[in-house]
There are 2 protein chains.
Amino acid sequence: MATPITSTANERVKQIRALRLRKERERSGLCYVEGIRAVGEAVQTSAEVETLVVAPALLTSDFARALVERAAAEGVAALEVTPAVFASLSEREGPQGLAAVVRQRWARLEDVRVAPGECWLALDAIADPGNLGTIVRTCDAAGAAGLVLLGGSTDPYDPAAVRASMGAVFGLRLARASWDAFVAWAQEDGVRLVGTSARDGEHYREADFGERTVLLLGSEREGLSAEQRAACDVLVSIPMRGRASSLNLAVAAGVLLYEALERRERRT
Amino acid sequence: MATPITSTANERVKQIRALRLRKERERSGLCYVEGIRAVGEAVQTSAEVETLVVAPALLTSDFARALVERAAAEGVAALEVTPAVFASLSEREGPQGLAAVVRQRWARLEDVRVAPGECWLALDAIADPGNLGTIVRTCDAAGAAGLVLLGGSTDPYDPAAVRASMGAVFGLRLARASWDAFVAWAQEDGVRLVGTSARDGEHYREADFGERTVLLLGSEREGLSAEQRAACDVLVSIPMRGRASSLNLAVAAGVLLYEALERRERRT
């Protein structure tokens, strides 16, 4: 390969660094992925890896070296940089010497059909990227079919979200939509829109999730609005047995996604 | 009240700032709590609030003012400070002008009995304070009786943990123990130690949790060691249907704590 880039002011390096900003991610349709595990997910799934960023002097893991070789064999461009340049791109302590620029992938909601036996998760106005990444990871683990982001939700391609997802963001179907477009989509015959309510929903273990399920969770602070609740086919509540009035959003999503999985596996 | 303290180098202010450090929290047995909600939990539960830290110029919420009055009526000392001094204590952006120094409370594990119908959670070597705080919040919500911290676990009285717990740390019974002391405790007749395993445990919905349950989860990275697994009465697994090999620890704890709650409520 070529001589490693030594300047943090190199144009290509500056372009990549700009991917920290959501505006630049939206403009380019790209994202920046750090860490061997998440880069590994990107390379091993069908994600479109545009460039691998490699600091050879930092790359000590055999798994990481094999990833670099595999990507090279597949024709992925590699940008070699010095440890100092790598650190200037990195938001992590102890950078592992491997990162990637990956093309974002979004499904068009109007092209998505909720198939029988599928569960989708929809989130409105989620604010915290780490929470969102944890939820993406949980969607993957609980076999959810995909995730729809509504309203002013944070970006699943934010570096903190990608990291918290452990790279699962590259394997999950993602869509985003306005509330109106989402409601029109979820009103399709046979799709059951299951909303959450802090107190006055049916017990989540007893409510009917239907055979084609869309779970809808509100924001960390506000939950669902009255209009959103009214659009749901059923509202469910998770019991609160202590002083707390709510769960962390990722924990609530996990409890409901695993209930939905249990329903599907019990049925088959 | 007295004139607000204007110097960030004031001795009392320096003592309080030192509570950011675990060493100082351990030495003093105190912790520092920020935010109206968490301070509210401390005041409204039986936590021993040593000092309220108030920046009157920042205090805009009626709820916060009522908390200050209630604490004053109960004889809690108040330290008035300027916004600049408050900001020097605060790890949050947008400080709300109310914080507290609260005495930590730890149960001695040897004094704890797991009563029939109770579920305790034990965590080994949990590293992330935010994750720990989220788990404390979930314990409260799911009606767990308490939390035992093993090995080199992070501190539930770390400001980030207190914040993520939404103050639930002041209502939950907490204990800490060495692994050996914990095993001796959990071997009491009738207590069922339910460990977690990534792949080869019983399905968590099918395994026997017993009538007196102690759930044991390992660290974020390592899970349980072979020795720890061998000490358990049963190992359970949460299904992993995607590419991910594990869940976020707080999500896994949530799924299991709500399963344990369901068992208890189904029985009664």
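Here is how names work: the chains are called A, B, and so on, in the same order as the sequence lines, proteins then strands, and each is numbered from 1. On a predicted model such as this, the values are computed, not experimentally measured, just so you know.
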Donor-acceptor pairs under 3.5 Å, chain B to chain A, main chain and side chains both?
unit_1   : atom_1 : unit_2   : atom_2 : d
B:Glu41  : OE1    : A:Arg243 : NE     : 2.7
B:Glu41  : OE2    : A:Arg243 : NH2    : 3.3
B:Gln44  : OE1    : A:Arg243 : NH2    : 3.4
B:Arg137 : NE     : A:Ser246 : O      : 3.2
B:Arg137 : NH2    : A:Ser246 : OG     : 2.8
B:Arg137 : NH2    : A:Leu247 : O      : 3.2
B:Asp140 : O      : A:Gly242 : N      : 3.2
B:Asp140 : OD1    : A:Arg243 : N      : 3.1
B:Asp140 : OD2    : A:Arg243 : N      : 3.2
B:Asp140 : OD2    : A:Ala244 : N      : 2.8
B:Ala141 : O      : A:Arg241 : N      : 2.6
B:Arg205 : NH1    : A:Glu259 : OE1    : 2.9
B:Arg205 : NH2    : A:Glu259 : OE1    : 2.7
B:Pro239 : O      : A:Tyr258 : OH     : 2.7
B:Arg241 : N      : A:Ala141 : O      : 2.6
B:Arg241 : NE     : A:Glu265 : OE2    : 2.5
B:Arg241 : NH2    : A:Glu265 : OE1    : 2.9
B:Arg241 : NH2    : A:Glu265 : OE2    : 3.3
B:Gly242 : N      : A:Asp140 : O      : 3.2
B:Arg243 : N      : A:Asp140 : OD1    : 3.2
B:Arg243 : N      : A:Asp140 : OD2    : 3.2
B:Arg243 : NE     : A:Glu41  : OE1    : 2.7
B:Arg243 : NH2    : A:Glu41  : OE2    : 3.3
B:Arg243 : NH2    : A:Gln44  : OE1    : 3.4
B:Ala244 : N      : A:Asp140 : OD2    : 2.8
B:Ser246 : O      : A:Arg137 : NE     : 3.2
B:Ser246 : OG     : A:Arg137 : NH2    : 2.8
B:Leu247 : O      : A:Arg137 : NH2    : 3.2
B:Tyr258 : OH     : A:Pro239 : O      : 2.7
B:Glu259 : OE1    : A:Arg205 : NH1    : 2.9
B:Glu259 : OE1    : A:Arg205 : NH2    : 2.7
B:Glu265 : OE1    : A:Arg241 : NH2    : 3.0
B:Glu265 : OE2    : A:Arg241 : NE     : 2.5
B:Glu265 : OE2    : A:Arg241 : NH2    : 3.3

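At a 4.5 Å heavy-atom cutoff, B:Ala168 makes no contact with chain A through either its backbone or its side chain. Neither the backbone nor the side chain of A:Ile135 comes within contact range of chain B; no heavy atoms are under 4.5 Å apart. Heavy-atom distances place no part of A:Met166 under 4.5 Å from chain B, backbone and side chain included.
Contact tally against chain A (heavy-atom pairs below 4.5 Å) for B:Ala250, B:Ala252, B:Ala144, B:Pro239: the top residue is B:Pro239.
When all heavy atoms are compared, the tightest approach of B:Val255 to A:Gly254 is CG2-O, 3.9 Å.
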